[in-house]
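Structure first, commentary second.
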Amino acid sequence: MPAGSRLDETLRAGKKALRTLPGALLLGSTGARLWADYLDPVPGFSGRFDFIHKVNIPLLFKITNNLAESLEPCQTEWFPSHLLMAYTGNRLSLEERKFITWNDCAVSCQTWTNRSDEELILRLETYGDSFSERIENYLYGLFNIEHYSFNVTGAIAVSDPTVFEELRLKPGETKAIIVAAAFGISAQDDIALLKERASSYAESGYTVDQLVVNQSNEYQIWFEKTPTFASSDPVLNKTWTYRWFLLRHNLADPQYGHLSYPLFYEGRSHKKSKKPFSKGGWEFSKLINLSVPLHIMDARWYHDPVYSEGPLRNMKSAPGEDGMFSCLTVDSILHSFANFSCWAAYKLFLVHRNTEMIVDLLPAMKSNISAWKRVNGNDQDHLMIEHKHTRTGKEYQPSYWYFHQFPKNPKDKATYTHLKRVDRAVYHYLNTLGVAKLCEATGDPEAKDFFWQAEEIKQDILGKMWNEDTKFFYDLHYQTDEKAFVKNIVGIYPGWAEILDDQFNGMIEHLFNEQEFRTKCPFPSVSADCPAYSQEGGWMGHFVKGRNGCVWDGPTWPYTNSIALDALAKESKRRNHQFDRQFAYYLREYSFLHFMQRDLNQPGLVEHYNSATGEPLSDEQEYNHSYYIDLLISHVAGLSIEKEGIVLDPLNVDLDYFCLDRVKVAGMEIRISYRKPSVSSEIPFSEDGYRLYVNDKLIFSNPTLCRTELTWKELTI
């Protein structure tokens, strides 16, 4: 976001709620461990609340009254740092602002007015007898979490202890109440510390307005360590800001079990039962190694690398499946998805140059590559066999059923074929190349061997998976190497990996074909000319995973959009920028996915979309399984970090001006700006032409957008 802007004002929205649960309100602020899946429209914290993982606590606390059974309809205003709820009726009015702090306090700031001619009686209510212990003016309690190794303990403090029994307001009287509940891990977090945290809000002496301002300011601090981007396109600007919020919203730091280091969750919502304290179903609030590298691609530009390094350290400390980086909860080492975490670690290293971290992680990254070869490799080549169609994170992609003519029932194992997958092969190549480059950077003697392995993988991808007649890369039958002629979106991944030359021209053009990938909401997960293509999901007319289930046979995913756009940008640069205009169009379409109904006043990103209409097909708001910030830095501003220096190579996306500022790389601060000569010179922060500043010193300028390479020595002259 532009320097000096306030996140709350930039991203404020009206009502944000779950599509599948009318009235279930969303909350932007999250703690290191505590967050709201959703809030009921009642004062306090009623709804579903989670701690580290999905635990479905139904009530932390709420305030009841004797005059109005329901406070609906109420007006709500969503801010990243807090939620405003206001109700006015004949008998009473309420204005509440509530938030969850980073140190896991649920804080409710309420102002009640009695508009009736009888007394208004307010009482604090908690869940059952969970908080039945009262000592002086505090409540203490415990939530038993049967399906994890921790229980959740807490302390509740209030600004007026009479609310524990009856707080009475006379007709016409107005009263402000502050309730704060601090939560932690039983037997690990000291209850006295939790009491102190809760009382620091409820008994602070601050007014409601002061507490809300303090929360907004504290929430804002995290964003002071982000680069800033501003341009002539409000869609790009607001998406940039929202994407930084997305990272902060999904940031977690359990400091417990297998998640001892910070990490980003794939999401805070879940496809689980909402039954209190239930476990069943799929959740995103854990370390999912499929999404880790996508998080790192954006978060590596944050000034502090601790949040990008954390997931790598967690996976290194808890290896699974023969040494693979795997999904983790605090208690369990789960399965492993195909991913490019080793390559992302290299890209992270280029920005922050943390050699000590890389030396520590290299043995685990080498083990990850070796495990892939043992489990997914074969004796004929260096390609990877995918035995389970879910393990690349693209379940039900039609190529798995190509050799059985796309049967009606994809769950019949007799109709399913293992494949040498393009995506896993490309990930394997990038991971191997990343380890080679990290070995080289740290003086590890195995660098040469990993470079050789990467080249062998590359040659097998190019030599076996490419089809000259159709100009596309295809998955292969795991035994015969026969091509499965299904144009999955992953068929353009070799362009993303930058392993192509002119003999592969024609591949990226498939993205522009209206009969294939240029649907109304690009890019579909499989080409629209595939017999199994289904724009809304399902399989051959049947919703095999339910109405909102993940089925990669046609819907559009932000996940693959980020990689496809990266591939398109790289191919445009390789081919003398001939696809810049197409990249600009698709980048804006991808940006619009971040806003409900394409309304910039309603930020929200979900897991997947109808590729023909753009309709959201899932309800996981603030879904964090893609990257975007890196696309603006690398391809709009044009900044790439290399071993020997930087490369500037922006795409022309028809902006009148832009400014990328506060980028910290290898101890330097970088600013890149551009303004068309014909554009008014009164535009703030802009100067004529394309310019690079390092530590406020002009290092390079050109009248137009252009490519140049600069060594570290040239940058520090």
Side-chain angles (χ1 to χ4, degrees), residues 338 383-427 460-496 504 506-519 522-542 544-545 549-557 559-561 563-564 567 608 610-612:
L383 301 176
M384 298 285 99
I385 298 172
E386 193 54 74
H387 303 283
K388 298 180 180 180
H389 66 98
T390 58
R391 290 300 174 88
T392 64
K394 302 175 186 68
E395 54 265 49
Y396 295 97
Q397 200 143 66
S399 54
Y400 290 102
W401 290 269
Y402 169 82
F403 296 103
H404 291 86
Q405 294 78 49
F406 313 111
K408 290 284 187 181
N409 179 15
K411 295 188 176 183
D412 181 355
K413 293 183 179 180
T415 66
Y416 168 84
T417 305
H418 305 320
L419 298 172
K420 294 178 180 178
R421 284 280 294 185
V422 176
D423 48 0
R424 188 180 271 278
V426 170
Y427 292 160
D460 281 339
I461 293 171
L462 299 178
K464 289 192 168 188
M465 294 180 151
W466 174 254
N467 179 261
E468 180 63 24
D469 293 339
T470 59
K471 304 290 185 182
F472 206 71
F473 287 89
Y474 296 94
D475 297 339
L476 308 178
H477 191 287
Y478 77 112
Q479 292 174 320
T480 67
D481 284 348
E482 182 182 355
K483 292 180 177 65
F485 283 105
V486 173
K487 291 190 285 291
N488 298 317
I489 187 63
V490 301
I492 54 88
Y493 277 25
W496 169 58
F504 301 99
M507 180 207 71
I508 208 69
E509 285 88 335
H510 287 277
L511 296 181
F512 316 144
N513 187 331
E514 293 183 355
Q515 304 305 312
E516 296 182 331
F517 291 103
R518 185 165 181 161
T519 54
F523 302 105
S525 42
V526 67
S527 172
D529 63 2
C530 174
Y533 168 77
S534 176
Q535 64 198 41
E536 74 281 359
W539 180 270
M540 307 299 282
H542 302 282
V544 293
K545 291 187 68 179
C550 293
V551 182
W552 283 76
D553 61 354
T556 293
W557 259 262
Y559 166 22
T560 39
N561 270 6
I563 294 176
H608 58 305
N610 184 307
S611 57

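All values reported here derive from a predicted model rather than from experimental measurement.
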Worksheet item: Given Phe473, which of Trp466, Tyr493, Trp496 fulfils the ring-ring contact (aromatic ring centres under 6.0 Å, His included) condition?
Response: Trp466

Fill in: Donor-acceptor contact present, side-chain Thr417 to main-chain Phe403, <3.5 Å
no

Fill in: Thr556 (side chain) donor-acceptor with Phe523 (main chain) under 3.5 angstrom
yes

Worksheet item: How are the rings of Phe517 and Phe472 set relative to one another: parallel (under 30°), tilted (30 to 60°) or perpendicular (over 60°)?
Response: parallel

Worksheet item: What's the shortest heavy-atom distance between Pro494 and Val422, and which atoms?
Response: CD-CG1, 4.0 Å

Fill in: Straight-line distance of Asp460 CG to Met465 CE, nearest 0.5 Å
8.5 Å

Fill in: Closest non-hydrogen atom pair, Tyr400 against Lys388
OH-O, 4.4 Å

Worksheet item: Are the aromatic rings of His389 and Trp401 close, with centres under 6.0 Å apart?
Response: yes

Fill in: Electrostatic pair Lys487:Glu516 at N-O distance under 4.0 angstrom
yes

Response to the item:
Exactly one of Lys394, Lys420, Arg421 clears salt bridge (charged side-chain N to carboxylate O under 4.0 Å, His left out) with Asp475, and that residue is Arg421

Fill in: Short side-chain to backbone donor-acceptor contact, Lys483 and Lys464, under 3.5 Å
yes

Worksheet item: Hey, does the side chain of His477 reach the backbone of Glu482 with a donor-acceptor pair shorter than 3.5 angstrom?
Response: no

Worksheet, complete the sentence: Residues Thr415 and His404: closest non-hydrogen pair is O-ND1, 3.1 Å

Worksheet item: Where is the tightest heavy-atom contact between Gln515 and Ser527, given as atom of each residue plus distance?
Response: O-OG, 4.0 Å

Residues 406-414 side chain polar contacts: donor-acceptor under 3.5 Å, at least two apart:
unit_1 : atom_1 : unit_2 : atom_2 : d
Asn409 : OD1    : Lys411 : N      : 3.0
Lys411 : NZ     : Val544 : O      : 3.2
Asp412 : OD1    : Ala414 : N      : 3.0

Fill in: Val526 versus Tyr533, closest heavy-atom pair with distance
O-CD1, 3.7 Å

Item to complete: Give a yes or no on whether the backbone of Gly554 and the side-chain of Ser534 come within a donor-acceptor separation of less than 3.5 Å.
Response: no

Fill in: Backbone N/O of Thr470 and side chain of His510: donor-acceptor pair under 3.5 Å
yes

Worksheet item: CG/Asn513 to CG/Asp529 distance, rounded to the nearest 0.5 angstrom?
Response: 7.5 Å

Worksheet entry | Distance, nearest 0.5 Å, that separates NE2 of His608 from OG1 of Thr560 | 11.5 Å

Item to complete: Give a yes or no on whether the backbone of Tyr474 and the side-chain of Asn488 come within a donor-acceptor separation of less than 3.5 Å.
Response: no

Fill in: Under 3.5 Å: donor-acceptor pair, side chain of Asp553, backbone of Ser525
no

Worksheet, complete the sentence: Heavy atoms of Pro555 and Gly537 approach each other most closely as CG-N, 3.3 Å

Practice prompt. For side-chain contact (heavy atoms from CB on, under 4.5 Å), just list the numbers for Ile489 and Leu511, CA-CA rounded to whole Å, side-chain angles, deciding distance to a tenth of an Å, and then say yes or no.
Written response: CA-CA 9 Å; Ile489 187 63; Leu511 296 181; 4.1 Å; yes

Discussion item. Please verify the inter-ring angle class for Phe485 with Tyr402; under 30° counts as parallel, over 60° as perpendicular, anything in between as tilted.
Written reply: perpendicular

